[in-house]
Amino acid sequence: MNYSATIGLETHVQLKTRTKMFCACALDTASDPNTNVCPVCLGYPGALPVMNKKAVKLTVMTGMMLGCEINGRSSFDRKNYFYPDMAKNYQISQNAAPLCLGGGVAIEASSGGRKFVRINHIHLEEDAAKINHYVRNSGIDFNRGGTPLMEIVGEPDLSSADEAIAYLAALKEMLVYAGISDCNLEEGNMRSDVNISVRAEGQSRLGTKVEIKNMNTFRGIHAAIEYEVARQISVLSQGGKIVQETRRWDTDLGVTQSMRNKENAHDYRYFPEPDLVPVELSRELLEEWRREIPELPEARRQRMAGEYGLTAYDADVLAKDKAKADFFEAAAVKAKNPKAFCNLFMTDVMAYVNANVPDLSCAYVKETAPALSALFLLLEEGKINGPTMKELLPEVLGGKIRDPGAAVAERGLGAVSDASMIESLVDSVIAANEKSVNDYKAGKKAAMGFLVGQVMKLSKGKADPKIAGGILAKRLS
Amino acid sequence: MDFRELTVSSAAKGMARGDFSSEELVRALIAEVGKSDGQIGAYLSFDRDGALAAAREADSRRRQGDCPPLLGIPVAIKDLINVSGQPCGCASKILEGYVSTYDATVVSRLKKAGAICAGRVNMDEFAMGSSTENSAFRVTRNPHDLSRTPGGSSGGSAASVAGFEALCALGTDTGGSIRQPASFCGIVGFKPTYGRVSRYGVTAFASSLDQVGPMTHDTEDAAMLMNALAGADPRDGTTALEPVPDFVKAIEGASLKGLKIGLPKEYFIGGTDPEVMAAVRNAIDLCAASGAEIVDVSLPHTEYAMAVYYIVAPAEASANLARFDAVRYGRRAQGVQDLGAMYGKSRMEGFGQEVKRRIILGTYVLSSGYYDAYYGRALKARTLIRRDFENVFGKVDFLLTPVSPTPAFKLGSLPDPLKMYLNDLFTIPASLAGLPAVSVPAGKTDASLPVGIQLIAPPFRDDALLRAARAFELARGRAA
């Protein structure tokens with residue numbers, strides 16, 4: 001008997017806003033517990049929520065990127081339940097009129113080819129506080145309480161653990177790219193509730209579904225899905241029945257376990273949030289927000305490969321990271337040989353940036369790209385040689401040299417490419433290094449490197465090593 | 001200076017003239033509280049030292065020439081409004097130990113206008129009630145007859161002003177909680193348009209109905225307070241961006257002449273106390289004699305208002321009061337072993353009967369299977385009630401109605417909660433429609449119990465409403 005799995009994900013994404021969803025507290029969970037809090041997110045008597053516009057914007061932009069229909073008149077509802085991580089014992093969420101409807105994500109299907117995973121809707125809500133369990137009691141940290149949370153509710157179109165991860169990876173890439181969320185899985189920026197059911201081949205009705213809540217890492221989700229699908233198949237093939245329930249994934253044991261407190265279906269008693277007026281989004285505003293959506297990774301990959309003559313690999317590496325791609329394009333704009341610039345960029349430039357520029361911001365790109373572009377142009381025009389370029393590179397990337405041309409002139413680093421000048425240097429070197437010359441003539445190719453080095457030394461590094469090498473080779477052949 | 005003769009307006013003028021200082025004023029107030037509150041029982045707490053310190057600071061500001069309109073004026077604060085550093089008990093045991101860490105917007109605006117928050121006054125627990133008998137702490141008595149209630153839920157606010165142990169007070173009104181006690185105590189009680197005054201820092205009962213308003217000796221005082229209180233607040237998303245008029249200017253030269261006053265027939269049915277009706281009829285005659293045009297009108301969906309209110313308000317309250325769970329603040333029950341028991345016992349012990357009744361009712365009408373029949377339907381009926389008023393205001397400028405079917409009733413005389421709810425019959429509809437409404441003294445019964453009339457205006461015509469109330473006040477001879 002063959003079984004197929006049906007998987008649906010509800011993914012909660014913490015939005016990259018400056019402040020919380022309904023109050024002006026800073027979004028910073030790294031601080032000491034209960035330091036980024038106020039009467040509103042602590043649910044004190046008399047506190048009222050006020051809308052975070054950026055959270056609405058980021059959610060709408062996500063909906064646009066996923067091809068959703070945007071609700072021009074969206075509203076909030078109270079979702080009522082008691083739990084210590086909910087300061088008001090109701091969560092302000094959306095039920096009747098969420099911000100985005102429909103849409104979906106294209107992924108590689110397990111059976112080959114492409115598959116479109118549909119999205120049911122996307123809504124906005126506030127995150128709960130964090131509960132830390134200790135030996136004798138539990139502590140509640142409200143720093144996280146009130147964080148804007150975007151919930152992407154997917155249809156059960158996934159049929160394997162691989163597809164689920166492909167779906168989440170595609171979402172993550174898009175969300176990080178567009179600055180919607182950092183999607184740092186370790187910090188819980190992106191958590192999913194996983195719904196899993198299986199059914200026998202030929203059965204049209206979906207099987208009973210089991211929910212595994214609050215999963216973070218892709219590895220964990222993958223393992224949990226594989227385990228649970230196997231478990232359900234095992235139960236059914238032995239004639240048993242699947243109980244509709246919430247299970248938890250135990251990472252250490254590698255199993256899902258029935259939660260001791262049987263979770264009855266909650267009656268959340270949803271009703272319209274009276275403290276917030278409905279959100280009305282005009283066509284003009286939506287268009288303004290749509291214009292802020294960046295070119296997405298897939299499209300950018302293809303364009304950069306074509307425009308700059310990059311290999312698929314290089315385009316992929318660059319396009320993956322929006323900040324790096326932005327930096328590359330800003331600096332490559334004048335390059336005569338963008339492919340050569342790309343080689344330099346992927347090695348020396350990235351090495352420096354990765355070590356020294358933790359925040360590759362728009363401001364950094366704006367300040368540094370022109371200088372980097374100018375530096376490379378000097379090389380391409382032969383005004384400096386390779387070693388000089390590499391010497392100046394850290395200062396350019398460190399912001400110390402804004403005008404490479406001027407620096408070269410000031411320090412007298414202009415390349416010596418005049419053939420006659422180099423010829424006389426070559427003659428001096430040949431005269432002074434008889435042993436190496438003989439080594440080279442005897443077949444020791446490495447001696448050429450030494451001799452070129454001597455020419456460079458004599459020229460104080462300004463000779464073009466390629467030209468020097470060429471003249472040496474001619475002289476000694 | 002005789003404190004009992006003062007109004008906010010005359011006190012402000014007196015201090016401006018240098019007749020007395022704010023410190024002297026507050027000392028006189030403290031003396032009155034000491035004399036009367038044993039009998040009236042309006043106050044839950046009074047920070048004497050704090051009030052005197054604030055008064056001295058006000059006097060100092062005045063000496064430096066910094067004289068905002070309410071400088072040095074003491075205001076009694078209903079116990080559900082947050083004043084930083086003061087307990088905010090909402091007259092409930094469940095908030096034992098809770099001290100406000102912030103000022104409500106109405107409080108910070110009063111402070112900015114130079115006023116002093118002096119004393120916290122009694123109320124029905126969490127504003128649920130019409131007699132202040134639901135307070136967990138003490139009984140407040142009507143100064144006109146100590147065997148009777150001052151009304152509710154802002155009973156302490158009304159009694160303190162009527163008993164001359166406060167110059168003015170802030171109350172809140174959800175279904176009539178400013179207007180009915182004002183009527184019972186013979187003072188002015190003003191409920192602004194919903195969204196006119198910020199609710200930030202005011203413990204919520206029913207979010208779509210609650211409004212803070214002034215309770216004063218006369219309409220001029222109400223206007224002075226409204227100038228300080230009204231206006232949009234970025235901390236309250238339901239406040240309106242409507243520009244704030246100068247209420248004090250708006251009531252100058254007020255006259256009833258030419259005003260079109262509607263009498264909704266649904267408010268003049270049998271069942272209202274004959275002495276109340278007589279006072280209201282006299283008021284109508286007075287308006288007519290003063291040149292107002294009296295028009296009969298109809299608000300056909302009035303009969304559904306009570307039912308709608310007692311579905312919508314408890315529903316919102318059931319969620320608003322969920323935060324009182326003993327986790328972060330307030331009174332936590334002892335001897336419990338798990339979370340559910342902690343919630344259950346703390347709330348069982350901390351909440352009074354009426355509060356529990358409304359939480360259960362509210363939870364029920366929102367529950368799965370019942371939402372559409374009750375809450376969903378109530379929301380629709382509410383729209384119809386609002387439309388009734390919209391239609392009528394096409395024909396008239398204001399509506400005139402009784403405030404309550406009876407004058408102040410005896411303490412303990414209405415043990416049946418449903419009978420208690422009927423007190424709000426005439427005040428609820430304007431609340432549901434979010435309209436500004438005011439109770440102005442209109443006369444007394446043979447037993448010298450005050451009777452007020454209610455005037456209702458279209459949304460954001462708060463200034464016109466206060467002006468009409470002023471005109472009526474003047475016509476009745478209560479000169480400024």
Side-chain angles (χ1 to χ4, degrees), chain A residues 21-24 34 37-53 75-93 95-96 128-129 131 137-142 145 261 264-279, chain B residues 80-82 88-90 92 95 98 100-105 126 195 198-204 206-210 233-239 312 315-316 318-325 327-330 339-340 342-344 347 362-371 375-376 379:
Chain A
M21 184 69 223
F22 296 117
C23 65
N34 294 310
V37 292
C38 75
V40 178
C41 52
L42 283 174
Y44 278 12
L48 292 174
V50 190
M51 191 80 66
N52 183 319
K53 186 175 177 184
S75 59
F76 285 80
D77 299 287
R78 290 189 184 177
K79 181 178 182 182
N80 298 282
Y81 65 97
F82 275 75
Y83 208 60
D85 63 2
M86 273 285 147
K88 301 183 294 299
N89 287 312
Y90 61 84
Q91 179 194 36
I92 301 179
S93 177
N95 187 48
I131 302 184
N137 53 25
S138 301
I140 311 166
D141 179 8
F142 284 90
N261 302 328
N264 298 318
H266 276 282
D267 177 7
Y268 292 118
R269 300 191 302 280
Y270 283 106
F271 70 98
E273 171 57 77
D275 289 331
L276 294 170
V277 293
V279 175
Chain B
L80 52 41
I81 299 174
N82 278 274
C88 183
C90 309
S92 177
L95 276 169
Y98 172 74
S100 299
T101 56
Y102 71 107
D103 279 339
T105 297
F126 287 110
S198 171
R199 292 181 298 117
Y200 180 74
V202 180
T203 308
S207 313
S208 72
L209 295 157
D210 294 343
D233 180 10
R235 292 185 195 266
D236 176 352
T238 60
T239 53
V312 171
E316 293 177 6
S318 70
N320 285 328
L321 268 60
R323 68 192 63 199
F324 302 109
D325 60 3
V327 171
R328 287 146 290 122
Y329 51 79
L339 183 65
M342 185 188 86
Y343 285 154
R347 289 163 67 85
T363 307
Y364 178 80
V365 302
L366 290 174
S367 61
S368 172
Y370 296 103
Y371 180 98
Y375 191 78
L379 290 183

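These numbers were taken from a predicted model, which means no experiment stands behind them.
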Which residue out of [options] racks up the most heavy-atom pairs below 4.5 Å with chain B?
options: A/P45, A/C23, A/P274, A/P39; result: A/P45
options: A/V50, A/N80, A/I140, A/V277; result: A/V50
options: A/A47, A/P272, A/P49, A/G43; result: A/G43

Engaged part of [X] at the chain A interface, taking heavy atoms whose separation is under 4.5 Å:
X: B/I81; result: neither
X: B/Y370; result: neither
X: B/D210; result: neither
X: B/A319; result: both
X: B/Y200; result: both
X: B/V327; result: side chain
X: B/D236; result: both
X: B/T101; result: side chain
X: B/T363; result: both
X: B/A315; result: backbone

Check each atom of [X] against the heavy atoms of chain B and say whether the ones under 4.5 Å are side chain, backbone, both or neither.
X: A/D275; result: both
X: A/F22; result: neither
X: A/F271; result: both

For B/D325, what residues pass the side chain to side chain donor-acceptor pair (under 3.5 Å) criterion, not counting sequence neighbours?
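Applying side chain to side chain donor-acceptor pair (under 3.5 Å) to B/D325 gives A/N89, B/R328.
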
Aromatic rings B/Y329 and B/F324: how do their planes relate, parallel, tilted or perpendicular, breaks at 30° and 60°?
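Ring orientation of B/Y329 relative to B/F324: perpendicular.
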
Once the angle between the rings of A/H266 and A/Y268 is folded into 0 to 90°, is it parallel (under 30°), tilted (30 to 60°) or perpendicular (over 60°)?
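A/H266 and A/Y268: parallel rings.
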
Without swapping roles, check the side chain of A/D77 against the backbone of A/S93 for a donor-acceptor pair under 3.5 Å.
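No, because the side chain of A/D77 does not come within donor-acceptor range (under 3.5 Å) of the backbone of A/S93.
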
Does either side chain, that of A/D267 or that of B/S368, offer a donor lying less than 3.5 Å from an acceptor on the other one?
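B/S368 and A/D267 do not have a side-chain donor-acceptor pair below 3.5 Å.
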
With no hydrogens and no angle check, just 3.5 Å: does a side-chain donor-acceptor pair link B/T238 and B/R199?
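There is such a pair (donor and acceptor under 3.5 Å, judged by atom type) between the side chains of B/T238 and B/R199.
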
For the aromatic rings, using the six-membered ring if either is Trp, is the centroid distance between A/Y44 and B/Y102 under 6.0 Å?
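No: the rings miss the under 6.0 Å criterion.
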
Verdict with reasoning, A/R269 to A/Y81, per side-chain contact (heavy atoms from CB on, under 4.5 Å)
CA-CA 9 Å; A/R269 300 191 302 280; A/Y81 65 97; over 6 Å; no

Just wondering, are more than 12 heavy atoms of other shown residues or ligands nearer than 6.0 Å to CZ in B/R235?
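Count not over threshold, so no.
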
What distance do A/Y83 atom OH and A/Q91 atom CD have between them, rounded to the nearest 0.5 Å?
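The distance works out to 14.5 Å.
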
